[in-house]
Amino acid sequence: MQAINLKYYRFFTRAACFIFVLVTCPFIWGQAEQKRMLSAKEYHLWSQLLPEKISSDGNWVSYSLKYEYSGADTLIAQQTKGNTKYVFPKGWEGKFNGESEFACIANDTLVVQNLKTDKNYKRPDAFSFEFSANNKFIAIFLKQNDNKFTLEIRNQKGNLVEQTAGITSYCFDSLKNGVVYSTANDNLYGIEMIFFKNSVEKKIVASNHKAPFQNVIWKGNAIAFIENNAQEPVLYSYSITQDKLSALESKNAIGFPSNMRISNVKNKIPIYSKDNTKLFFWMKEPSAKTENIDSSTVEIWNSKDKLLYDFKKFLPYYKWADKLAVWDIKENKVLQIADKDLPSAFLSADHKHAFIFDPAAYEPQSQQHGAYDLYIVNLQSGNRELILKRYTFSEKPLGSPDGKYLCYVKDGNWWIYDLDKKRHTCITLGMPNSFFEEDSNVPGEPEPYGIAGWTPCGEIILYDRFDLWKISLDGKEKKRLTKGREIQKTFRIKNFNEELLYGFSETAPLSVDLKEGLFLTVINKETRESGFSTWNLKSGVKELVWEKKKISEVNKAGKKNLYMYEDQDFASPPRIMIWDGSAKEIMQSNPQQHQFYWSKNERIDYTVKGIKTKGILFYPANYKAGLKYPMVVRIYERQFSSFNDYANPSMLEGDGFSVTNFTNQGYFVLYPDINYEFGNLRESVTNSVLAAVDAAVAKGDIDPGKIGLIGHSFGAYEVDLIITQTDRFAAAVAGSAWTDLVSAYLYIGPSFYRPDFFRTENHQLRIGKSLYEDMPSYLKNSPVLLADAVKTPLLAWTGKEDRHVNASQTMEFYLALRRANKEHTLLIYPGEEHTIDKKENALDLNLRVMQWFNYYLKNGEKKDWMQSDFNR
């Protein structure tokens, strides 16, 4: 690193001193103080506001302030109707216990604050905690030196009422009425439970076993766990109401395949059926037949292999992966659900059926997600039947909460499958409004707007672009519940119920009871105004909050119709707000902004080949009409959605760009939306960006000869492509760019361990066809093949370890520009990947990007590192 960045490091260490003052005295800044320009040395004052929790009666809220420069993050609990505030430096995982207590972990110390008496107590070495549902106890898991935990149960006075050491894993009841855990002491292992009643009750479920327990789960009135015997793991189910422990051993159970055993993989947590009579678990294929790849032997790649060699190396090949099965506890019977032919599975919500498929059925193929045939399995009889042929969407079909129906997408419509009648019904055929993305701008099938939920009356609620539709499951009755299309407002249901996370193998029961009414988030995507409303059967939509701001992070008090939310726009830092019949500010972040000149933004409109398009224009801080300013154009797909996003000033951005940093340095910044023509990005991207630039320059305050261009990843590809088509830009910056569509097409991506064919055929690169169907489009849209036309000085950068967009793509363009004798500088950051993560490297990149544009757009100093043969 150059000494260029050392002067900023001192501010990191000073930040903590300022932060406490800012948190405790937010109005310390003099209100009448003259505004001044903001410099980078003051960026450490800014924090990111994160709303977190609201207490059950809404008397308290909690939120976090994250400080990018110093790391001096702070958690705060604050009254909504008073001035009391509790500050927890380095606090996280904050939780309210009714209205009486708030607890969090600060560093590794649990702090329990009594909100009524102002007293607190602390417990070091805390790993996690939970309050009991009856508000009488707190369960604390403490770290031991041997990677185990000690459980302490304390009452409201902080007194210890129960303690257990040697815990290896644990799980709270979803209702917080107790906790189950496994123990290991002196090579003996057990399972114990704690019940939170008027007092703490302890139950020993298993003890003095010689093998460890794992994968504990508590569901309803039963718990399950696995005993990890070396040769033969055992699955247990314990009925709390019957006080009965049942064991599943492969050799004793009816129907258990003789060549398989219970899986001991720790993320394969058993799943109870709704009535707790059955337990779903995973079985392991015979180890002798499992494909163990020896890295020292020759790799054999066959072009007809269903999946790539790398996929088999880093991920379990579906055929040999663990298989879902179900155990009938009373009958001690096992049914294998998935097998080597159909290895993936998910359950209906009533747990009476399963759906199985082979994700590699149509491999090799060129999409991101391959098509598959979907089969249904009757879990009583074991019978299976094909119900969907060649299903293509990445999201799995969604089952109804009663388990009787399956909703899926096919041929641009929504369909319902009746499991009992074995009948498929298209429920959206002929409807006037599309339920799929109307403004999709990528090749392939448009994505659906989604399912809002199922009603108890045999209906499904679907989203179109704006509205909610209630449709009967036979498709005969259709009713639009909102009128958003007429006023360009998009309505979506917000569910405040804290539900368990559902894995792929489960079906989330999305129930919507229209009689109880709905809470809706609302947004106008053309203006970015937003808010929230309620809806009921009698009066329809009732607006509660609607602002020319971004309204987000809405949360509800558990026992009252009182809501916490965050609002912001580009010129106004985020606030914590409370709505209780009217809106009230609770906390304003970054009050120090009032000391400094700040930018404003506005929508700009332009037309590209007859298509009305929009973008965002950001003004320089302390803008003065009549002066000529330079402008930086930042590109990446459509960006208007960020119109009301507040942006902290920063020199630590992982892509080298902060809009607020540039406006503070006297630049206009332009975010254009881009319209794409498949197979012709070089013209369509260039035309969109130039049209937006023309609209901005027409305002009269931008120097048309001092305009720069910047982008990252796909945006960097667009930058490199544009500068091969026009010399309109005085300088450009591109980070982690695609530059060669041929080599990009013939690349194995690290995220999916599959070919990157999809990126050009039906993803961002938007060719829409294979390399061999339309090779000319791959060639004419590859910047590396057009490098001789570049006239714009380019600064490029990449992480040397980038495999998402391979670093060689950036290096190829460097060599092309070098051979063409163009002005070009490349920065390669060792140890970094697609974005720059290390603070010192991010600071270095942000500084160099600014210096690059200052030189070319503001006649600034040409730094030594820009010179050829620079001596480091």
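Nothing fancy with the numbering, it's 1 onward along the sequence.
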Asker: Kindly write out the residues that satisfy ring pair (Phe, Tyr, Trp, His ring centres under 6.0 Å) with F678, not counting sequence neighbours, or none if the list is empty.
Answerer: none

Asker: Could you tell me whether R485 and D464 make a salt bridge, using a distance below 4.0 angstrom between a side-chain N and a carboxylate O?
Answerer: yes

Asker: Return the set of residues passing side-chain hydrogen bond (donor to acceptor under 3.5 Å, both in side chains) with S440 (not counting sequence neighbours), or none when no residue passes.
Answerer: none

Asker: Charged N to carboxylate O below 4.0 Å: is that the case for K489 and E543?
Answerer: yes

Asker: Is the gap between the ring centers of F491 and F466 under 6.0 Å?
Answerer: no

Asker: Using the salt bridge (Lys or Arg N to Asp or Glu O under 4.0 Å) rule, pick out the option among R528, K699, K614, K548 that qualifies with E602.
Answerer: K699

Asker: Answer whether the closest heavy-atom distance between the side chains of L468 and L518 falls below 4.5 Å.
Answerer: yes

Asker: Between W797 and D655, is any pair of side-chain heavy atoms under 4.5 Å apart?
Answerer: yes

Asker: Of all the heavy-atom pairs spanning Y778 and K769, show the shortest one and how long it is.
Answerer: OH-O, 2.6 Å

Asker: I'd like to know if R575 pairs up with D569 as an ion pair, taking the criterion as any Lys NZ or Arg NE/NH1/NH2 lying under 4.0 Å from an Asp or Glu carboxylate oxygen.
Answerer: no

Asker: Do NZ/NE/NH1/NH2 and the carboxylate oxygens of D645 and K550 come within less than 4.0 Å?
Answerer: yes

Asker: Examine Y463 together with Y449 and report whether their ring centres are nearer than 6.0 Å.
Answerer: no

Asker: Mind running ring-ring contact (aromatic ring centres under 6.0 Å, His included) on F519 and F532 for me, showing each step along the way?
Answerer: CA-CA 7 Å; F519 185 93; F532 51 84; 5.3 Å; yes

Asker: With a 4.5 Å cut-off on side-chain heavy atoms, are Y43 and N661 touching?
Answerer: yes

Asker: Among Q367, E445, H369, which residue satisfies the side-chain hydrogen bond (donor to acceptor under 3.5 Å, both in side chains) criterion with T392?
Answerer: E445

Asker: Report yes if some heavy atom in the side chain of Y597 is under 4.5 Å from a heavy atom in the side chain of L38; otherwise report no.
Answerer: no

Asker: Charged N to carboxylate O under 4.0 angstrom, K549 versus E566?
Answerer: no

Asker: When the aromatic ring centroids of W579 and W546 are compared, is their separation below 6.0 Å?
Answerer: no

Asker: For the pair F570 and T660, evaluate side chain to side chain contact (heavy atoms under 4.5 Å, CB included) and give the outcome as yes or no after the intermediate values.
Answerer: CA-CA 9 Å; F570 178 70; T660 310; 4.2 Å; yes

Asker: May I ask you to decide whether E486 forms a salt bridge with R480, counting only side-chain N to carboxylate O separations under 4.0 Å?
Answerer: yes

Asker: Are E683 and N680 linked by a side-chain donor-acceptor pair shorter than 3.5 Å?
Answerer: yes

Asker: Any side-chain heavy atom of R492 within less than 4.5 Å of one from T490?
Answerer: yes

Asker: What pairs with S808 under side chain to side chain contact (heavy atoms under 4.5 Å, CB included), at least two apart in sequence or on another chain?
Answerer: N806

